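Taking it in order: structure first as structure tokens, then the write-up.
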Amino acid sequence: GAGKSTLGRWLTTHLGATRVNYDDYEQMTRRSEAEVGEWLQRGAPIDEIPAPGLAEAVTSARAKGITIYETHLGRAWSPTRDLIDISIWIETPLDLALSRRLQTIAKLWETNGATGPHCAQWLKGHLHAYESIVRPSLLVQLDRVRSQADLIVQNDKAFDATRTQVLAGIAQIQNRK
């Protein structure tokens, strides 16, 4: 719901880059709510987040040229910290990100003909998880990842505005180097 995938796909095309998506490697969402809750209670050690093969994939992509590494973890995750040249934080209010996520799910249900109790049960579970582990995890991310970003862009408007902010920000960062 924040816009990482939309921006990542656009930058990949715009820059002729290779894209590596954290979501293709992550395993944290496979953990139970209790396991994630316990991880949060222990202070949410970012380096305990499993993503087998991800650092190798980013290294391999970088060897080919410009790489868009789409991740929730930015420089906070040490296995790929030194592989990031420019980190962009997409600032999206949590309520807007949740709304976008639910709209995406609703479109999938509509497309696939899902109805009734299954949808209601999923929504109930998702909103419970959002309160108990997702929102707290997002607040950890906000605290630890945002502070290490080179560029923070607002994403509470149309995508064109975000895209313009990103291009201008990247140009400014490259001019400083």
Side-chain angles (χ1 to χ4, degrees), residues 1-29 43-105 107-108 130 133-177:
K4 288 181 304 302
S5 295
T6 300
L7 181 61
R9 284 189 299 270
W10 181 81
L11 280 171
T12 299
T13 301
H14 182 74
L15 300 174
T18 301
R19 181 169 164 244
V20 178
N21 189 345
Y22 165 83
D23 288 347
D24 294 339
Y25 299 86
E26 75 86 20
Q27 296 182 348
M28 193 69 165
T29 58
I46 300 287
D47 281 344
E48 289 183 11
I49 295 174
L54 179 58
E56 295 80 3
V58 174
T59 300
S60 176
R62 284 175 51 97
K64 297 174 189 171
I66 297 171
T67 302
I68 303 301
Y69 170 34
E70 181 185 327
T71 179
H72 305 80
L73 306 175
R75 291 189 179 108
W77 195 60
S78 68
T80 56
R81 175 181 299 136
D82 295 335
L83 301 175
I84 298 171
D85 295 321
I86 298 174
S87 175
I88 302 170
W89 174 265
I90 303 172
E91 186 81 34
T92 307
L94 294 181
D95 61 337
L96 182 56
L98 177 60
S99 173
R100 289 175 178 170
R101 168 93 170 121
L102 293 177
Q103 288 179 55
T104 299
I105 296 298
K107 286 177 188 174
L108 285 172
Y130 183 84
I133 60 172
V134 175
R135 187 173 187 280
S137 296
L138 292 172
L139 293 174
V140 167
Q141 181 188 27
L142 178 65
D143 178 56
R144 299 188 194 160
V145 178
R146 184 184 192 275
S147 63
Q148 297 182 50
D150 301 300
L151 175 62
I152 298 171
V153 297
Q154 300 301 315
N155 189 25
D156 56 355
K157 297 179 177 68
F159 178 69
D160 288 345
T162 302
R163 182 173 59 198
T164 300
Q165 287 180 70
V166 168
L167 291 178
I170 290 172
Q172 285 178 341
I173 291 166
Q174 289 177 328
N175 288 337
R176 283 185 254 154
K177 290 184 177 185

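Bear in mind that the values here come from a model prediction, so they are computed numbers and not experimental data.
- In this structure, CG in L98 is found 9.5 Å from CG in L138, a value given to the nearest 0.5 Å.
- For the atom pair CZ of R100 and OG1 of T104, the computed distance is 9.5 Å after rounding to the nearest 0.5 Å.
- For the residue pair S137 and Q141, no side-chain donor N or O sits within less than 3.5 Å of a side-chain acceptor on the partner.
- How far OG1 of T67 is from CG of L83: 9.5 Å, rounded to the nearest 0.5 Å.
- Nearest heavy atoms, G74 versus T71: N-CG2, 3.5 Å.
- Separating the CD atom in E26 from the CG atom in D23 is a distance of 6.0 Å, to the nearest 0.5 Å.
- Side-chain atoms of Q148 come within 3.5 Å of backbone atoms of R144 as a donor-acceptor pair (strictly under, hydrogens ignored).
- The shortest non-hydrogen separation linking P79 to A55 is O-CB, 3.7 Å.
- In this structure, the side chain of S99 does not engage the main chain of D95 through any donor-acceptor pair within 3.5 Å.
- For the pair Q165 (side chain) and Q154 (backbone), a donor-acceptor distance under 3.5 Å is present.
- Counting only residues at least two apart or on different chains, the salt bridge (Lys or Arg N to Asp or Glu O under 4.0 Å) pairs with a member in residues 60-81 are R19-E70, R62-D85, R75-D150.
- Minimum heavy-atom separation, A61 to V20: CB-CG2, 3.6 Å.
- Between V58 and Y25 the shortest side-chain heavy-atom distance does not fall below 4.5 Å.
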Do L94 and L142 pass the side-chain contact (heavy atoms from CB on, under 4.5 Å) test, and can you show the C-alpha distance, the side-chain angles, and the key distance before you say yes or no?
CA-CA 10 Å; L94 294 181; L142 178 65; 6.0 Å; no
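- Looking at N175, its side chain does come within 3.5 Å of a backbone N or O of A171 through a donor-acceptor pair.
- Residues that satisfy the side-chain contact (heavy atoms from CB on, under 4.5 Å) test with I66, not counting sequence neighbours, are L15, A17.
- The shortest side-chain heavy-atom distance between T12 and T18 does not fall under the 4.5 Å cut-off.
- When all heavy atoms of I152 and E91 are compared, the closest pair comes out as CG2-OE1, 3.8 Å.
- Atom CD1 of I84 is separated from atom OH of Y69 by 5.5 Å, given to the nearest 0.5 angstrom.
- In this structure, R135 places its CZ atom where only 12 or fewer heavy-atom neighbours from other residues, nucleotides or ligands lie under 6.0 Å away.
- Counting heavy atoms from C-beta on, the side chains of W89 and V145 come closer than 4.5 Å.
- Distance CG/L151 to CD1/I170: 7.0 Å, rounded to 0.5 Å.
- One N or O on the side chain of W77 and one on the backbone of I49 form a donor-acceptor pair closer than 3.5 Å.
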